[in-house]
Number of protein chains: 4
Amino acid sequence: MSGTVNKVIIIGHLGKDPEVTNTSAGSKIVRFSIATSETWRDKASGERKERTEWHNVVIFNEGLADVAERYLKKGSKAYVEGQLATRKWQAQDGTDRYSTEIVLKTFRGELTLLDRAERQAPSEESYGTTRSSAPASTSAKPSPVQPAFDDDIPF
Amino acid sequence: MSGTVNKVIIIGHLGKDPEVTNTSAGSKIVRFSIATSETWRDKASGERKERTEWHNVVIFNEGLADVAERYLKKGSKAYVEGQLATRKWQAQDGTDRYSTEIVLKTFRGELTLLDRAERQAPSEESYGTTRSSAPASTSAKPSPVQPAFDDDIPF
Amino acid sequence: MSGTVNKVIIIGHLGKDPEVTNTSAGSKIVRFSIATSETWRDKASGERKERTEWHNVVIFNEGLADVAERYLKKGSKAYVEGQLATRKWQAQDGTDRYSTEIVLKTFRGELTLLDRAERQAPSEESYGTTRSSAPASTSAKPSPVQPAFDDDIPF
Amino acid sequence: MSGTVNKVIIIGHLGKDPEVTNTSAGSKIVRFSIATSETWRDKASGERKERTEWHNVVIFNEGLADVAERYLKKGSKAYVEGQLATRKWQAQDGTDRYSTEIVLKTFRGELTLLDRAERQAPSEESYGTTRSSAPASTSAKPSPVQPAFDDDIPF
DNA sequence: TTTT
DNA sequence: TTTT
């Protein structure tokens, strides 16, 4: 069918760290779920209500898969632009199931980290605190151990 | 969650006429499915491929439900802007199923008919005419015979 | 600045045929203006009002420039997705002027023709009519005379 | 013209605090400019380049004007969805000038603050504390001094 | 599962 | 004028 458009724009927060799959063909696929929510005040009760919606994102676009792997993590706020695709799969009982995903294909889609760059070392945090389990750094994913990425950071 | 966005933009064609449900509460809900498609040439075989994606649209927005009911029909090309919502339902075997829909809520969403105004069967009218003064009708769907809708036509 | 988005989505009609510029560097730039409009009923007078907005589109993206050149013409309905850019230029009196355009850069943006494929030869039209100046064919741009485009048609 | 769409989506940072105008008719108009930018590496020189684009936003939508006035300030990161409008104005020399703006009309458009809730000056508070109970305040701009806004915060 |  |  000619002349159609299939576009989704989501701004939300990741529920967990992204999952990275390296295919046998040598490409990388990154998946994560991202939440949006709406709040409103119930007319009758006057209570504040909230509804959270979860969206499954699948990234085939190589460049964006790299970005996702490197910079997104649980809690990250991100802009995701992709297309809707409903995938059929088989449940264990043999029945067909359908899952709708937001897909970022090769050469298509956008992904932008919306968290503000974390300002340097939050050195104050550790002053006299125990916080034993806490990471010394809350900086973005590229850890000191995995130092690199001297190349372009796309956001 | 604050600061989130959940937006879908679809341009496609309706697979069937819309289904209209009048609720006991006096409101109207309109549903239809709309297809988008992509075509590409397969690298290996060189064949042209096509994949069609179907999207379920549910309109709660009253004004847009009216528009959908009046002007959309099987084959109509439309612009739909709404939000993603995944609804849980029970299959006959008692298991949970999920369906993702594009929802146009009250005061939210957009719906625009993209078909050109149909020059209603202009063929008969013009036989032998000079058409000097203009076509008998370039009006949208509400034909002269079914004069109706003297109010705002929202597209 | 990191984490920004600059996106425009227009559906409208071209005011004139696109203008094509072939640069000395061998690339092609296509420009056109496209109109959107809003109609509303004036509260006071009850009159129907309309406001038309014109948008200047500039296509640097090669593939989309080809599409525009081949398939768009005056009156075409199109979906355009690009980014805003404000360009400074010099008026004849030497003062600075600014013009905001919708730009489709290399590898960015989308362009989709929304006119329905015109149904073959509108043979009826010519029955006994004079319409001397009228084109015999209202078919899309690739005329029979300029036969081909055996390659991919991207919509 | 029927069936048109005029939509702009911007995510960027405000260059200054918004300007609020109270009209004689009792309505409020809020204006601000918001920057988006692109960075790329120049192929020839290998240098990193950046281009910043400034967009003028005008909010007539009352609810969103309130949000802008209350919560946006210089440096804020925001999602803005509106429509393009080119306004004509007279320069001092009497010549016509044009300015393109992103307009959020009554009942139209969206505005979402994307900054994470600021854990207001957490530094002083946490010195030597266990932070057991949580930050004293996670509220946005409305400071404790100006306690107000017991109503809905729309993001 | 996120976030507020 | 923002931001990185």
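Each chain gets a letter, A, B and so on, in the order the sequences are listed, and its residues count up from 1.
Phosphate contact (OP1/OP2 of F:dT1, side-chain N/O of D:K74, threshold under 4.0 Å): absent.
Both geometric conditions, a ring-centre gap below 5.5 Å and a plane tilt below 30°, are fulfilled for A:W54 over the base of E:dT1.
To the nearest angstrom, P of E:dT1 lies 15 Å from CG of A:D17. Atoms CG (A:L114) and C1' (E:dT3) sit 13 Å apart, rounded to a whole Å. Atoms CD (D:E50) and C1' (F:dT1) sit 13 Å apart, rounded to a whole Å. The nearest whole Å value for the distance from the CZ atom in A:F32 to the C1' atom in E:dT2 is 12 Å. Put simply, CD1 on A:I34 is 14 Å from P on E:dT2, counting in whole angstrom units. D:K16 places its NZ atom 7 Å from the P atom of F:dT1, with the value rounded to the nearest Å. Spacing between atom CD of A:E53 and atom P of E:dT2 amounts to 16 Å, rounded to whole angstrom units. In this entry the distance linking CG of A:D115 with C1' of F:dT4 reads 14 Å, nearest Å.
Scanning atom types as modelled, no donor and acceptor separated by under 3.5 angstrom connect the side chain of D:S33 and the base of F:dT2. Scanning atom types as modelled, no donor and acceptor separated by under 3.5 angstrom connect the side chain of D:T52 and the base of F:dT1.
For C:R87, the salt bridge (Lys or Arg N to Asp or Glu O under 4.0 Å) criterion is met by C:E101, not counting sequence neighbours. Residues meeting the side chain to side chain donor-acceptor pair (under 3.5 Å) test with A:D66, sequence neighbours left out: A:K28.
A donor-acceptor pair is defined here as one N or O able to donate and one able to accept, closer than 3.5 Å; no such pair exists between the side chain of D:K16 and the backbone of D:G75.
Note on B:R108 versus D:E110: salt bridge recorded, some NZ/NE/NH1/NH2 to OD/OE distance being below 4.0 Å.
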